[in-house]
Number of protein chains: 4
Amino acid sequence: MSVNKVILVGNLGKDPELRYTPTGTAVCNFSIATTERFKDRDGQQQTKTEWHNIVVWRQLAEICGKYLHKGKQVYIEGKIQTRSYEDRDGNKRYITEIVADEMRMLGGRNDEGYQRPAAPAQPQQPQAQSSAQQQPASGGFQEPGYNTDDDIPF
Amino acid sequence: MSVNKVILVGNLGKDPELRYTPTGTAVCNFSIATTERFKDRDGQQQTKTEWHNIVVWRQLAEICGKYLHKGKQVYIEGKIQTRSYEDRDGNKRYITEIVADEMRMLGGRNDEGYQRPAAPAQPQQPQAQSSAQQQPASGGFQEPGYNTDDDIPF
Amino acid sequence: MSVNKVILVGNLGKDPELRYTPTGTAVCNFSIATTERFKDRDGQQQTKTEWHNIVVWRQLAEICGKYLHKGKQVYIEGKIQTRSYEDRDGNKRYITEIVADEMRMLGGRNDEGYQRPAAPAQPQQPQAQSSAQQQPASGGFQEPGYNTDDDIPF
Amino acid sequence: MSVNKVILVGNLGKDPELRYTPTGTAVCNFSIATTERFKDRDGQQQTKTEWHNIVVWRQLAEICGKYLHKGKQVYIEGKIQTRSYEDRDGNKRYITEIVADEMRMLGGRNDEGYQRPAAPAQPQQPQAQSSAQQQPASGGFQEPGYNTDDDIPF
DNA sequence: TTTT
DNA sequence: TTTT
């Protein structure tokens with residue numbers, strides 16, 4: 001009966017890396033920066049940047065690998081996870097990551113991240129597939145559609 | 001590319017109501033109170049209670065109907081939704097509800113909500129089905145199990 | 001001992017309205033849309049838009065009134081509040097609003113919302129006031145600056 | 001224009017440690033466990049426990065040091081922060097912590113964590129200081145009290 | 001190190 | 001009333 005939830009809005013420091021496990025599961029890694037503004041004791045404006053390692057699995061990994069890029073602003077929702085591993089000297093090390101289960105691309109089509117090179121091979125953020133119609137505020141009680149979330153990026 | 005998320009921790013004002021749509025879908029309704037403490041202009045401690053209408057669908061509805069009761073403290077995660085309906089005079093009215101997709105029972109087994117009557121017919125909060133073993137911090141990279149979430153209450 | 005928290009990312013439907021109470025307190029009202037995508041029973045992509053009434057007080061109200069505009073994408077954090085009022089027929093009505101205590105403008109400077117007229121008098125989203133220096137990951141224990149939050153918009 | 005937010009509900013593994021910096025600022029450290037349930041490939045129920053290092057500053061540190069204890073269930077809201085330090089071998093190490101700015105004690109007065117010894121010297125979770133009156137849903141527009149948050153634990 |  |  002516990003809760004482990006992280007909500008981040010930040011920008012990717014590099015392009016994401018999409019890989020596959022031996023069993024073929026997609027996993028995408030990238031890091032995003034969040035920057036905090038505060039005043040130091042002298043009343044000077046300062047900023048402090050925090051870098052977050054993001055891990056995404058399965059279908060969302062494919063979407064992240066395909067549509068995200070360096071500089072892109074994203075909303076991430078996930079959980080904190082600390083893994084241990086052995087470094088080259090055989091010492092146990094720990095790394096804390098955010099395992100994301102929700103991702104939303106922020107900013108519009110005119111806002112693809114300021115550091116983005118004008119590379120022609122770069123994927124375009126696609127038009128959202130035309131939504132049949134704006135669903136009106138329905139009269140009264142309504143059973144919601146069951147969002148399987150399993151085949152559309154956005 | 002938007003986010004609509006609500007996180008509440010509060011206590012049920014009454015026992016939940018579990019119903020079924022004509023097509024057999026379970027839906028559970030209950031309300032929870034959140035109380036805020038603040039000081040008024042005179043420096044007097046005041047409290048202000050907000051009531052939230054919660055709607056839960058499908059399997060989580062069954063769980064809520066079965067295990068929640070008046071006074072129980074819960075964590076709720078969901079989204080805000082405003083529906084319209086017609087009142088008895090034919091006027092359009094709006095009601096804002098929280099459609100929950102996560103629920104956690106809070107407090108332990110000694111803490112079933114202070115207003116709870118010692119009714120013998122009341123369901124007991126069951127022991128969590130013994131977890132086979134405490135999973136150790138695994139060495140390195142690990143593909144997570146896929147939580148289908150579809151048959152265990154907690 | 002309760003929690004009442006809302007997190008929204010959406011776009012303003014109109015320019016915000018900034019007003020002042022008789023005692024001179026700033027209050028800003030605007031609404032933002034969040035749009036959900038789902039599939040109906042026929043497997044058709046549908047969208048459903050939810051409108052949220054946002055209320056902001058004091059200094060953050062001034063910032064919202066000054067820098068937000070129709071179409072702008074924002075992150076909002078706040079609490080749910082339902083107020084009652086009497087309609088013109090003397091009937092008690094309820095309205096649910098989000099009282100915001102955090103706001104972040106999303107998208108970059110090239111992304112001011114596409115319907116924005118190129119009005120010269122319109123305020124520009126200012127350059128973030130140059131942050132003196134990128135604070136390095138400091139060595140060890142560090143007492144944070146106390147962010148009073150009271151005089152800088154971003 | 002970023003967001004770095006963590007929301008946790010879990011139980012303290014040990015009593016909190018309250019200390020003071022050389023300049024007299026209170027800082028409280030404790031760790032909380034969150035446990036996730038999932039099924040492995042064999043359909044076996046498993047659990048995985050994550051430990052989170054919590055850091056709290058100033059007045060909230062004093063409250064945590066005074067009222068929290070081993071086993072207590074808490075709601076924590078804060079931000080992720082990674083600090084670096086040198087280990088005894090002069091190697092740079094990183095530790096990720098949650099810097100909390102909100103804490104709510106969960107469970108009622110009958111739910112102090114089941115391993116708690118009946119030590120008479122242990123602080124009691126105080127009765128919430130009687131709230132003068134339940135503030136009614138006020139008629140219409142209302143300016144909120146300004147919650148300075150600076151002298152009351154709950 | 002907690003809790004279920 | 002926005003945005004995609």
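In what follows, every chain begins at residue 1, and chains take the letters A, B, ... in the order their sequences are listed.
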*Calculate the interatomic distance between C/M105 atom CE and F/dT3 atom P; express it in whole Å.*
17 Å
*Whole Å only: how far is the NZ atom of C/K72 from the P atom of F/dT2?*
17 Å
_For C/E77, give me all partners under side-chain contact (heavy atoms from CB on, under 4.5 Å), at least two apart in sequence or on another chain._
C/K5, C/I7, C/Y75, C/D101, C/E102, D/K5, D/E77
*asked:* For a quick check of understanding: with a heavy-atom distance under 4.0 Å over all strands, which category does D/I32 fall into, base, sugar-phosphate or nothing?
replied: nothing
*Counting Watson-Crick and G-U wobble pairs whose two distances are both under 3.5 Å, find the runs of 3 or more in a row that involve DNA chain E.*
none
*Choosing from F/dT1, E/dT1, E/dT3, which nucleotide comes nearest the side chain of D/T35?*
E/dT3
*How many Å lie between NE2 on C/H69 and C1' on F/dT3, as a whole number?*
13 Å
*Return the set of residues passing salt bridge (charged side-chain N to carboxylate O under 4.0 Å, His left out) with C/D42 (not counting sequence neighbours), or none when no residue passes.*
none
*Find the distance D/L106:CG to E/dT2:P and express it as a whole number of Å.*
19 Å
*Calculate the interatomic distance between D/K70 atom NZ and E/dT3 atom C1'; express it in whole Å.*
12 Å
*asked:* What is the separation between atom CG on D/N53 and atom C1' on E/dT1, rounded to the nearest whole Å?
replied: 11 Å
_Under 5.5 Å and under 30°: D/W51 stacked on E/dT2_ = no
*Answer yes or no: side-chain N or O of D/T34 and base N or O of E/dT3 forming a donor-acceptor pair under 3.5 Å.*
no
*Considering residues at least two apart in sequence or located in another chain, which fulfil the side-chain contact (heavy atoms from CB on, under 4.5 Å) criterion with A/E97?*
A/N53, A/V55, A/R83, A/I95
*Nearest to the side chain of C/K14 - F/dT1, E/dT2, F/dT2?*
F/dT1
*Can you check whether A/V99's main-chain N or O pairs, donor with acceptor, with A/Q81's side chain at less than 3.5 Å?*
no
_D/D15 (side chain) donor-acceptor with D/K70 (main chain) under 3.5 angstrom_ = yes
*With sequence neighbours left out, what residues match D/T96 under side-chain hydrogen bond (donor to acceptor under 3.5 Å, both in side chains)?*
D/T82
*With no angle test and no hydrogens, is the base of F/dT3 tied to the side chain of B/S2 by a donor-acceptor pair under 3.5 Å?*
no
*D/Q73 has an atom CD; how far is it from atom P of E/dT1, in whole Å?*
21 Å
*Any residue meeting side-chain hydrogen bond (donor to acceptor under 3.5 Å, both in side chains) with B/S2, in chain and number order, not counting sequence neighbours*: none
*Assess whether one donor atom and one acceptor atom, taken from the side chain of C/S31 and the base of F/dT2, lie less than 3.5 Å apart.*
no
_Measure CZ/A/R104 against P/F/dT2 and give the value in whole Å, please._
21 Å
